[in-house]
Colleague: 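One structure, as structure tokens, below. Some questions next.
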Amino acid sequence: MGKKRIYEIAKELNISSQELLKELKELDIDVKSHASTLSEEEYELIKELYLGEKEKSKEKEKKESKDRLLPRPPVVTVMGHVDHGKTTLLDAIRKTNFVAQEYGEITQHIGAYQVELPQGKITFIDTPGHEAFTTLRARGAQVTDIVVLVIAADDGVQPQTVEAINHAKNAGTPIVVAINKIDKPNANPQKVKTQLMEYGLIPEEMGGDVLVSEISALKKIGIEDLLENILLQAELLELKADPNVPAKAVIIETRVSKGEGPCGTVIVKEGTLKAGQPFIAGLTWGKVRRMKNYKGETLKEAPPSTPVEVLGFESLPQAGDTLEVVKNEREAKKIAEERIRKTKRMQRSPTLSWELIKEKLEGKEVKEVPVIIKGDTQGSVEALRSSIEKLSNEEIKIKCIHEGVGNVNRSDVLLAYTARGIIIGFNVGKENEVESISRTYGVKINIYRLIYDAIQETEKFINSLKAPALEQVKIGEAEIRRVFQVPKWGKVAGCYVLSGKVKRGAECRIKRGEEVIFEGVLSSLKRFKDDVKEVSEGYECGIGFEDFTDFQEGDVIEVFEWRERPR
Ligand code: GDP
């Protein structure tokens, strides 16, 4: 290494030369000016001192930020089949909440509410169903910590129950089960538990880890037990957040209020959102003019997991956008404008799930392709699944993440998008708006009338995901006509290119008659004194090989290249 000057070293250490000079003086290293040089030892010393300190302070910072993490309430979404009692349950919970009782029942719908128990708080998202859950996820927002799966004890596991299970599984979100309607004479909670095992949800009493409560949302039986189970599950998750960093929150619902303009309900993810703070939210920005909780009370501060309705957006944000507090309004506006410009650019080149799938699989040893299968009967779904799963090979695994009877619906599309998968349908149609949202998200839906077609097409798709097969192709041949000694370089083969071309860095073989005497890399290539990348037929050149000099006049060099073999 040549000696470095002070200003160069300062730049390397990311400090000013002034600072560096001061530091050196303290170390009794005598330097005159910014252009002075340091000896090797001095340089190493200062580097170690400085970078060492920096590493230490980084470590300290990390530890401190860990110390600042405080427990936060869980955020819960209620899911399950239609009419199994999700809405009734959310209502019952709101009413059993003793704080709400203090205020009578003046609750406002803001998209989420919180209950307070002696053991802690729980935040409930007030829109039941996996649609909302997956819509938010499709937009990149992971808000839900725990899913409460409601199953009616008189009806058991139904298609949307299965959908909900698969959506939660795909998101990696733990499930707490509420077996509802146990007040009904034909309720059979035991049967529900057995059914759940088929889907890999093993209740605790059967040796598994899924917490199950038997409740009646209508008669308000078992609600406390369910809430306790939620808190128990939350404890296992060790949910934590730092209340002292700049706030980040997820927008879960929006509306335009007549008198007050655009409003958005947010759930704070980290930090504490405060009145008056400027923020950026998706493609819009604003300043917290007022925050209200579900009771309609104005809040000054909202710590992690608190749901609040925020007033003060410049324009309506979208559910799933993240709201982030920034330094000032000017910065907020600048970021929003930049994002709008970027989105405009992106809209011109929509990303297809094909590309997304490939991107996700890039470089993975075993490529797992998530597939959603919809069919007209249970039998056809099963037949299709088993044939499609059989297409898996060592490199590519087909994983059915959801299957069901019925038309392809919106939630299938969202699940496929978040999982970066595809949808295969058999003798089914598409529900309303599926066409348009699949286009928005770039999700591929293939519907077939013949199982044979479904299998063939899917196989084609899988093959297109395989790493390209490479083959070695001979690209040229050269003859060694003279061997000479070059100072510093050693022995060089003076060659004439007989056909094609020779390339530096290419793999090659040297043949003496029929015998192969060397296989390796063509490491240097010269035309006269210049290094060149390649030399074509009819020209002379000097060639050197990696770790090989035993060549002689008359030897023939064959040069190869790897090419993708067309499938
Ligand atoms: P959702 O579609 O899952 O939101 O279901 P709802 O909450 O709208 O409930 C559907 C029907 O089931 C309504 O008529 C409720 O009154 C009834 N229901 C909900 N929970 C219970 C319960 O615990 N017991 C009984 N008997 N009926 C219930």
Side-chain angles (χ1 to χ4, degrees), residues 75-97 100 105 107-115 122-136 143-144 146-168 171 173 175-193 195-196 199 201 203 210-230 252-253 265 294 307 319 402 404-407 409-412 414-415 431-432:
V75 179
V76 175
T77 300
V78 176
M79 299 203 221
H81 196 67
V82 65
D83 278 348
H84 279 198
K86 300 179 293 291
T87 316
T88 315
L89 174 62
L90 279 164
D91 217 42
I93 293 171
R94 209 182 348 232
K95 284 175 186 156
T96 45
N97 178 16
E105 275 172 23
T107 55
Q108 269 203 320
H109 181 86
I110 66 161
Y113 65 85
Q114 244 179 354
V115 296
I122 306 172
T123 302
F124 282 92
I125 295 189
D126 212 355
T127 333
H130 52 260
E131 266 239 22
F133 176 81
T134 305
T135 308
L136 290 178
V143 219
T144 305
I146 295 170
V147 164
V148 168
L149 182 64
V150 177
I151 308 168
D154 60 339
D155 201 23
V157 172
Q158 293 298 326
Q160 283 166 304
T161 319
V162 179
E163 269 182 36
I165 293 173
N166 289 333
H167 280 246
T173 312
I175 294 174
V176 169
V177 174
I179 301 180
N180 190 28
K181 306 198 186 182
I182 53 156
D183 57 295
K184 284 196 145 183
N186 54 343
N188 189 349
Q190 215 48 41
K191 188 175 155 202
V192 177
K193 287 179 204 167
Q195 284 180 327
L196 282 172
Y199 297 92
L201 296 177
V210 176
L211 301 170
V212 179
S213 301
E214 296 180 19
I215 65 163
S216 164
L218 195 68
K219 301 265 160 74
K220 301 198 178 58
I221 302 168
I223 307 290
E224 293 290 330
D225 181 62
L226 173 63
L227 296 177
E228 272 165 29
N229 273 350
I230 294 170
I252 57 162
E253 225 179 70
T265 297
Y294 72 98
H402 178 60
V405 176
N407 288 339
N409 61 29
R410 188 185 148 84
S411 105
D412 295 330
L414 295 174
L415 181 60
E431 275 177 18
N432 274 345

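In listed order, ligands and their atoms are each counted from 1. The chain is numbered in sequence order, starting from 1. Note: hydrogens, waters and symmetry copies are ignored here, and every other heavy atom, side chains too, is used.
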Colleague: Any idea which atoms of ligand 1 are less than 4.0 Å away from a heavy-atom of K184?
Modeller: 26 (N)
Colleague: Taking distance alone, with N or O pairs closer than 3.5 Å, would you say L218 contacts ligand 1?
Modeller: yes
Colleague: How close do V148 and A178 get, counting heavy atoms only, and between which atoms?
Modeller: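 Shortest heavy-atom separation between V148 and A178 comes out as CG1-CB, 4.1 Å.
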Colleague: Which residue and non-hydrogen atom of the protein lie closest to atom 20 (N) of ligand 1, and at what distance in Å?
Modeller: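 Atom 20 (N) of ligand 1 sits closest to the protein heavy atom N180 ND2, 3.1 Å.
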Colleague: Is ligand 1 less than 4.0 angstrom away from at least one heavy atom of H81?
Modeller: yes
Colleague: Mind listing the closest non-hydrogen atom pair of P203 and V212 along with its distance?
Modeller: CB-CG2, 3.8 Å
Colleague: Identify, for atom 2 (O) of ligand 1, the protein heavy atom at the shortest distance, and state residue, atom and that distance.
Modeller: D83 N, 2.8 Å
Colleague: What is the closest protein heavy atom to atom 15 (C) of ligand 1, and at what distance does it sit?
Modeller: T88 OG1, 3.7 Å
Colleague: Between K181 and D155, does at least one N-O distance fall below 4.0 Å, as a salt bridge requires?
Modeller: no
Colleague: Which is it for T87 and ligand 1 at heavy atoms under 4.0 Å: side chain, backbone, both or neither?
Modeller: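 The part of T87 near ligand 1 is both the backbone and the side chain.
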Colleague: Which heavy atom of the protein is the closest neighbour of atom 28 (C) of ligand 1, given with residue, atom name and distance?
Modeller: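 Ranking protein heavy atoms by distance from atom 28 (C) of ligand 1, first comes K181 CE, 3.7 Å.
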Colleague: Enumerate the atoms of ligand 1 whose separation from the nearest heavy atom of S216 is less than 4.0 angstrom.
Modeller: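 Answer for ligand 1: 22 (C), 23 (O), 24 (N).
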Colleague: Is a side-chain donor or acceptor of N409 paired with a backbone partner of E431 at a separation under 3.5 angstrom?
Modeller: no
Colleague: Return the minimal non-hydrogen interatomic distance between I175 and V177, and the atom names on each side.
Modeller: CG2-CG2, 4.0 Å
Colleague: Under the side-chain contact (heavy atoms from CB on, under 4.5 Å) criterion, do L227 and I122 qualify, and how do the steps go?
Modeller: CA-CA 8 Å; L227 296 177; I122 306 172; 4.0 Å; yes
Colleague: Is there a polar contact between ligand 1 and L89, counting only N or O atoms under 3.5 Å apart?
Modeller: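 No.
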Colleague: Take the angle between the ring planes of Y294 and Y113 and call it parallel below 30°, perpendicular above 60°, tilted in between.
Modeller: tilted
Colleague: Check this for me - ligand 1, G85, N or O atoms closer than 3.5 angstrom, yes or no?
Modeller: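 Between G85 and ligand 1 (N or O atoms, distance only) the closest approach is under 3.5 Å.
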Colleague: Decide if atom CG of N432 counts as having more than 12 heavy atoms of other residues, nucleotides or ligands within a radius under 6.0 Å.
Modeller: no
Colleague: Where is the nearest protein heavy atom to atom 26 (N) of ligand 1: which residue, which atom, and how far?
Modeller: D183 OD2, 2.9 Å
Colleague: If we count only non-hydrogen protein atoms and require a distance under 4.0 Å, does atom 5 (O) of ligand 1 qualify as touching the protein?
Modeller: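 Given the 4.0 Å cut-off, atom 5 (O) of ligand 1 counts as touching protein heavy atoms.
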Colleague: Do you know the tightest heavy-atom contact between H84 and I151?
Modeller: ND1-CA, 3.7 Å
